[in-house]
Each structure stands twice: as structure tokens, then as C-alpha cells.
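One structure below.
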Amino acid sequence: MIREDLRNVAIIAHVDHGKTTLVDEMLKQSGTFRENQAVEERVMDSNDIERERGITILAKNTSIFYKDVKINIIDTPGHADFGGEVERVLKMVNGVILLVDAAEGPMPQTRFVLQKALELGHKIIVVVNKIDRPDARLNEVGDEVLELLMDLDASDEQLDSPILYCSGRDGTASMDPNELGENLIPLLDEILSYIPAPEVEADGEMQYLVSSIDYNEYVGRIAIGRVERGEIKVNQEVSVGDFHNTKKEYRGKIVTIYQIEGLNRVPCESAKAGDIVCISGLENITIGDTICAYGHFEPLPFVKISEPTVEMTFSVNDSPFAGREGKFVTSRQLRDRLFRELLKDVSLRVNETETTDSFRVAGRGEMHLSILIENMRREGYELAVSTPRVLYKEIDGKLCEPIERLVIDVPENCVGSVMEKLGSRKGELQQMTPVGSRMRIEFLIPSRGLFGYRSEFLTDTKGEGIMSSVFHSYQPHKGDIERRSVGSLIAFETGDAVTYGLYNAQERGELFIGAGTPVYEGMVVGANPKADDMVVNVCKKKHLTNTRASGSDDALRLIPPRIMSLEDCLEFLADDELLEVTPKSMRIRKRTLSNSLRMKERAKM
């Protein structure tokens, strides 16, 4: 049976190419909102971090009605670190809208997500977005997408994919690159005519595949997925298990079913094959599970999620300031929170260590793990995290490491300094292409070569460079790479930083703290331009004598300190340092806090 009243599509693209903005306009033009309703921009980016950073982190479902057809739309993340979100939601849909920026063209993540869609045999509608940009290259970008499809061994049918030209911000689409269009009707018509309606078995026993998990304090876990066969009903007795038999099949009962309409979840009594619905009432349900009618258990295979490549150690905060700001500080609370994250993030791995107060957490990249840390600190957790490390593998007896495909887009006058820095980090040049007045350069570079490079890159390109990377493959180890070229300025004693002490310390290097900041012995208070660590006394006061007054240091001029974000702190960390993260502050510290003990350890080495 073919469900002509339904279409399931995912919108995939590189980060910042305008997926969420386009979904905004589709919702508005389909009449999802009232005419006088106040709607925020990027309405699908619902959590605080997504709104602050302007990126999508979690794949989200919405739906619109057009010509009596319900179109389920899944807005996916564009950042490579959240590729696991994209891989699993592609199982729910029958076709994808591939969005490409009219100026930037296909980027690394475009290639990655498109390859996954082609492997599943999905039909593709190519949308060249942001055609109102002054530097748009419509014809060239169309050719680049075709070349990419040929590179990825697309079938003849996929090579004939329709191309539309859109401005997501203005809500226009047209089939002709020289016309702006008036609305998104051409795109919606193309979805109905080109994306296939779901072919379903309406009469068989119920079968439902879980592709995503949401959590609600009142009802517990909510499974999001597609009904593959039959009909699912409220209060139905079901069997739950997975394809690889990693857990025992168990019996459960469907308590509620929600249809997704616009931005709301509407309770319903039943759903048919082809529908994407949310269900609650099943304990321990996880991504990749199959729910079947009780007594008719037939598990469905689930997409293999790519392995993590970067690992960090999360441990209990044991600094002198521990427990002052956080609500959750014990190892049990930290463990519970990390294992709870595993329920909804399929790309994450958490392993226990020899000690009870630290855990090895592996993810798809630095950003993937930094978003987890940021979420935890906002929830009131205190923890200490180590420097990121790459995960090595042994392949055919050789030690291999993850390699990234890095694409950078820089002004022509910055090419020399960027090439020099990437060369020292073991980057191998693949190709260079002029794009207008800029150069696009592609490298294959070890993942560890990119640690700490982003801030250097922005300095070298005066803030004009764009860089993005995606995992490429595992290759033999490339040799040693210097992690950072600067040392740390370390506090000599515990107390409050004062102007006099900071004034003397700022001559040694760049400071991270201002006057009045509480510090402790072994805390990193700045960066030393030389590669060695240096101990400085930022708590040193100017003492009163008979020849000078203690108040005259008010006239001392302090250089404003460098304010470090979470990503900056993780990039700066050396191997013998930890980042102390609390709800109100982030402090870099040495693993061994005592200066004298650290000197003895170094002498032994």
C-alpha cells in the first residue's frame, strides 16, 4: 500500500547553510502559525545553547500540511560533531532536501551526510540557498553539486535530481537561477511530486523502529520513530528488543501516542504504517530498538553509527574551591548524569576507569564533548575535565589515528601563514581552488593536529577565515605534533588577586584573570609566551613603609585580561593540566597543585 497522504523528508546540509531558517519559512507559509502570532527566528532551535551559538545540535521533527498531504520534516544538525544525529534520522525518511550555500558551495559535512543518504537509496532534491548573497555563484555551485554526486557514485536517477534556487530568509524558491520567485510553493510542489510516498504493509502485525529518544520528567522516556508495518494503538501489549540481541526481549504497554503537528505533539489513539510518531510508557527503551505486537517479535536492522574519535576524562572536582558553586558534586551524581546522556546520544561512549571518581567519555569531536560539559554546568554540576585525546586503533599490526578532511576558505593574502601552520601540524595538501577573491584549500590532517588551532587560525586570517572538518579515515600514525607553543603562568599562593601582583605578573605574559579574582596555588592565571611554565604571585600586596604609601598602586594600569570561553580553555589545556568547570566559573589548574611537589616530579623526569 502507498500512503499518498504522507511524505517524510529530512533537510541536510553543512553548518550555517540555512536549514533551520528555511524550515521557519515553510512553517509560516503552510499556515502553521496564526497571522498575528509572534514567532522567534529559528524556531526549531529550541534549547538555550542552540539559540546562543546559532547552531542546531539535536535533530528535531515538525510537520506541515500542503494540498491535504502531511509533510513530516526533520531539521538536522550541520556540524560534523553531531553527525550521529543525522545518520540515525535518515532511517525515518524516504527522501532528503540537500541544502547548499550559493557562495560556499558543497563543504565537508555536505559530502558526509549526502553519502549516508545515497547509501540508503534516498531521492534527493538539491536546493541552492542564499541566492540573494552578493557573492552568490549559482551556476558554479550547481556544477559542484553534480561533481560531488558523481564522486559519491550516485545512481543515474540520483544524478538527475531537481535543483531549486531559494532564499530561505525571504521565503522564496524558483526553478530558474535568474528568477527570485515569490514563495516556497515550487519547493513544496517538488516535495509532493519527486519524494516518494511511503510504501507500507498496512495489514501485517505492528512493527515500529525507534530512531530518537526524548526525555520528560513526567512520563519518562519518549521514543520517536516510524511505524514500519501495521497499526500502533494506545494500551497495546508489545514486545521490545533490538536486532543484535544486545539486550533481552521484554514485554511492555503503549501508554500514549503523539502525532507531530507543527511544533506541537498532539495525543492520538492510533497511528498507521508510514507515520512518524512519539510514544511513551516503555521503560529502558533506547535508540535502535524495535517495538512489535506482543508475540510477533521481528527486529529491524538499524544504521551503524560511526565510532567516536576523541576522548576526555571527566572526574570529580577536587580543587580547593570544590563544592562552593555546584549543586551536584559527587562521583555518583556525575556517573548517573553521564550514563543518562547515553540514552539519547548514540555517538557518545562512557567507560569507567580504575578509580571510582573518574570516567572516560568519548565523542565525535571537541565540540561534541564541550556541548555536553556546557549542559552539565548549566544543570548545576561541578567536574574536572582533562585535555582531549584522540582514540588510536591497531589496523593490520600498525598503530593508526583518525584523519580529518579539512576545508579552509581564506583571503589570498593569508594563504602563506595558514599553509605554514598546517604543515607543522602534519597536514597534507589535497587541492587549492580560487573562489572569487578567496582561496579554498583542502587538507587531510590528523585530528590531534587540529587541537588548539582554531584560535590561531582566526588570528592568522584576521577573523575572515572559515574552517570546517569532517572525519575521513584511520591512517598510520603521522609522528609527534607539538600541542602548544606557550607555557602557563601559575599562581604561587591561595588568596585574592590584587592589582599590584597582577601588574608585575602581566609583564611575564597574557593574563586570564582580573583584580579581586579568588585564586589558589597551582591555578593557571595566564599564558607565558615562552614554552616553559612560570610561577607568579598575583596575590602580592604592596606593603606600607615610611617612604611610600600602600594606596598609590591605584594608579597602576592593568591590561584587560583575556576572557576564555569553554572551547578556548579546552584548546589551551596541556597534558599535565585540568579544567575545573562549575556553574559560575571555569579555572585551568595543574594536576599537581603544590608548586614544590611539581618541581620534584619534574626533577625525577
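Numbers for residues simply follow the sequence, beginning at 1. No experiment lies behind these values; they were computed from the predicted model shown.
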Minimum heavy-atom distance between [X] and [Y], given as atom pair plus value:
X	Y	result
Leu6	Gly274	CD2-O, 3.1 Å
Cys166	Ala173	SG-CB, 3.4 Å
Ser239	Gly295	OG-N, 3.5 Å
Leu391	Pro308	CD1-O, 3.6 Å
Arg7	Ile195	NE-O, 3.1 Å
Phe297	Val240	CE1-C, 3.9 Å

message: For the aromatic rings, using the six-membered ring if either is Trp, is the centroid distance between Phe314 and Phe359 under 6.0 Å?
response: no
- request: Please check if any side-chain donor atom of Glu261 sits under 3.5 Å from a side-chain acceptor atom of Ser63, or the reverse.
  value: no
- prompt: Any side-chain donor-acceptor pair under 3.5 Å between Ser161 and Gln158?
  reply: no
- request: Could you walk me through whether Ser280 and Thr256 pass the side-chain hydrogen bond (donor to acceptor under 3.5 Å, both in side chains) test, one step at a time?
  value: CA-CA 5 Å; Ser280 66; Thr256 47; 2.3 Å; yes
Nearest 0.5 Å, what's the [atom1]-[atom2] distance between [X] and [Y]?
X	Y	atom1	atom2	answer
Arg337	Leu383	CZ	CG	10.5 Å
Gln207	Ile232	CD	CD1	11.0 Å
Ile257	Asn235	CD1	CG	9.0 Å
Ile403	Ser469	CD1	OG	12.0 Å
Tyr165	Asn129	OH	CG	13.0 Å
Ile163	Asp143	CD1	CG	8.0 Å

Any salt bridge between [X] and [Y], counting N to O under 4.0 Å?
X	Y	answer
Glu298	Arg229	yes
Arg377	Glu382	no
Asp275	Lys70	no
Glu311	Arg360	yes
Arg454	Glu366	no

With a 4.5 Å cut-off on side-chain heavy atoms, are [Y] and [X] touching?
X	Y	value
Met26	Ile71	no
Thr313	Val385	no
Leu372	Glu341	yes
Val210	Thr290	no
Leu118	Leu120	no
Val310	Leu369	yes
Val127	Ile125	yes
Leu152	Leu114	yes

query: Stepwise, does the side-chain contact (heavy atoms from CB on, under 4.5 Å) test hold for Ile279 with Ile291?
result: CA-CA 11 Å; Ile279 59 174; Ile291 301 169; 3.3 Å; yes
Near [X] [atom1], under 6.0 Å, is it more than 12 heavy atoms from other residues, nucleotides or ligands?
X	atom1	answer
Asp68	CG	no
Lys272	NZ	no
Glu182	CD	no
Lys233	NZ	no
Tyr474	OH	yes

message: The criterion is side chain to side chain contact (heavy atoms under 4.5 Å, CB included); which residues satisfy it with Asp132, sequence neighbours excluded?
response: Lys130, Ser167, Arg169, Asp170
- prompt: Could Arg335 and Phe339 be counted as a cation-pi pair, given that NZ or CZ must be under 6.0 Å from the ring centre and within 45° of the axis?
  reply: yes
field: Lys/Arg cation over aromatic Tyr381: Lys327, 6.0 Å, 45° cone
entry: no
- request: Start with the C-alpha distance between Arg221 and Leu282, add both sets of side-chain angles, then the distance that settles side-chain contact (heavy atoms from CB on, under 4.5 Å), and finish with yes or no.
  value: CA-CA 7 Å; Arg221 286 192 221 175; Leu282 296 170; over 6 Å; no
Which pairs would a plain distance check flag for residues 93-105, meaning a side-chain donor or acceptor within less than 3.5 Å of a matching protein atom at least two apart in sequence or in another chain?
residue	atom	partner	partner atom	Å
Asn94	OD1	Arg226	NH1	3.3
Asp101	OD1	Ala103	N	2.7
Asp101	OD1	Glu104	N	3.1
Asp101	OD1	Arg133	NH1	3.2
Asp101	OD2	Arg133	NH1	3.1
Glu104	OE1	His17	NE2	2.9

For [Y], does its backbone N or O pair with a side-chain atom of [X] as donor and acceptor, under 3.5 Å?
X	Y	result
Tyr208	Gly225	yes
Gln333	Thr330	yes
His122	Leu90	yes
Asp289	Thr286	yes
Arg251	Val238	no
Tyr66	Leu192	no

- line: Sorted by chain and number, sequence neighbours left out, side chain to side chain donor-acceptor pair (under 3.5 Å) with Glu190 holds for none
- prompt: Should Met312 and Leu570 be marked as a side-chain contact (heavy atoms from CB on, under 4.5 Å) after you check the CA-CA gap, both sets of side-chain angles, and the distance that decides it?
  reply: CA-CA 10 Å; Met312 289 162 79; Leu570 291 174; 3.4 Å; yes
Step-by-step side-chain contact (heavy atoms from CB on, under 4.5 Å) determination, Ile11 to Ile74: CA-CA 6 Å; Ile11 298 190; Ile74 304 175; over 6 Å; no
